[in-house]
Amino acid sequence: MIDWDRVEELRHEVGEDDFAEVVELFLEEVDDTIARLGHSDANASLEEQLHFLKGSALNIGFNEFARLCQDGETAAALGHAETVDLAAISTAYGAARAQFLLENKSRYAA
């Protein structure tokens, strides 16, 4: 579910001191986008939202979540937005988020 090699790579890219801030920003932005996902009053289309989520997920190593976002993005781009399983995407994010927070704390405890 989590690509810990990617997490470690990101940690080295941004530096240990800034890593927590990057993670916090990532979680805030993704939480916000997930909350708005699929709502017609959102500023971005479903395809754009899923593209953003996919990129964010890949950046921090949330592989399964990224795959679901890619599948949804593709479906939306082909005009099949109604087939995108938003609940599965949201559930996958919640599971990855919980696992990440739990394991990240134990992996990088001071």
### Query
Any side-chain donor-acceptor pair under 3.5 Å between Glu29 and Thr33?
no
### Task
Give a yes-or-no answer on whether the side chains of His51 and Glu47 include a donor-acceptor pair shorter than 3.5 Å.
no
### Query
Between Leu27 and Tyr93, is a side chain to side chain contact (heavy atoms under 4.5 Å, CB included) present by the stated rule, with each step listed?
CA-CA 10 Å; Leu27 293 175; Tyr93 171 65; 3.5 Å; yes
### CA sep, side-chain torsions, deciding dist, call: Arg67, Asp71, side chain to side chain contact (heavy atoms under 4.5 Å, CB included)
CA-CA 6 Å; Arg67 185 191 62 76; Asp71 292 348; 2.8 Å; yes
#### Entry: Within 6.0 angstrom of Glu82 CD, more than 12 heavy atoms from elsewhere
yes
### Glu13 atom CD: more than 12 heavy-atom contacts under 6.0 Å
yes
### Whether Glu21 side chain and Asp18 backbone form a donor-acceptor pair below 3.5 Å
no
### Task
Give a yes or no on whether the backbone of Phe52 and the side-chain of Ser56 come within a donor-acceptor separation of less than 3.5 Å.
yes
### Query
How are the rings of Trp4 and Phe100 set relative to one another: parallel (under 30°), tilted (30 to 60°) or perpendicular (over 60°)?
parallel
To the nearest 0.5 Å, what is the distance between [atom1] ([X]) and [atom2] ([Y])?
X     : Y     : atom1 : atom2 : result
Phe19 : His12 : CZ    : NE2   : 10.0 Å
Arg97 : Ile60 : CZ    : CD1   : 10.5 Å
Gln99 : Glu64 : CD    : CD    : 11.5 Å
Leu68 : Ser90 : CG    : OG    : 11.0 Å

### Message
Could you check whether any side-chain heavy atom of Asn59 comes within less than 4.5 Å of a side-chain heavy atom of Arg6, counting everything from C-beta outward?
### Response
yes
### Query
Going through the distances and angles, do Leu86 and Leu46 end up as a side chain to side chain contact (heavy atoms under 4.5 Å, CB included)?
CA-CA 10 Å; Leu86 299 178; Leu46 181 61; 3.8 Å; yes
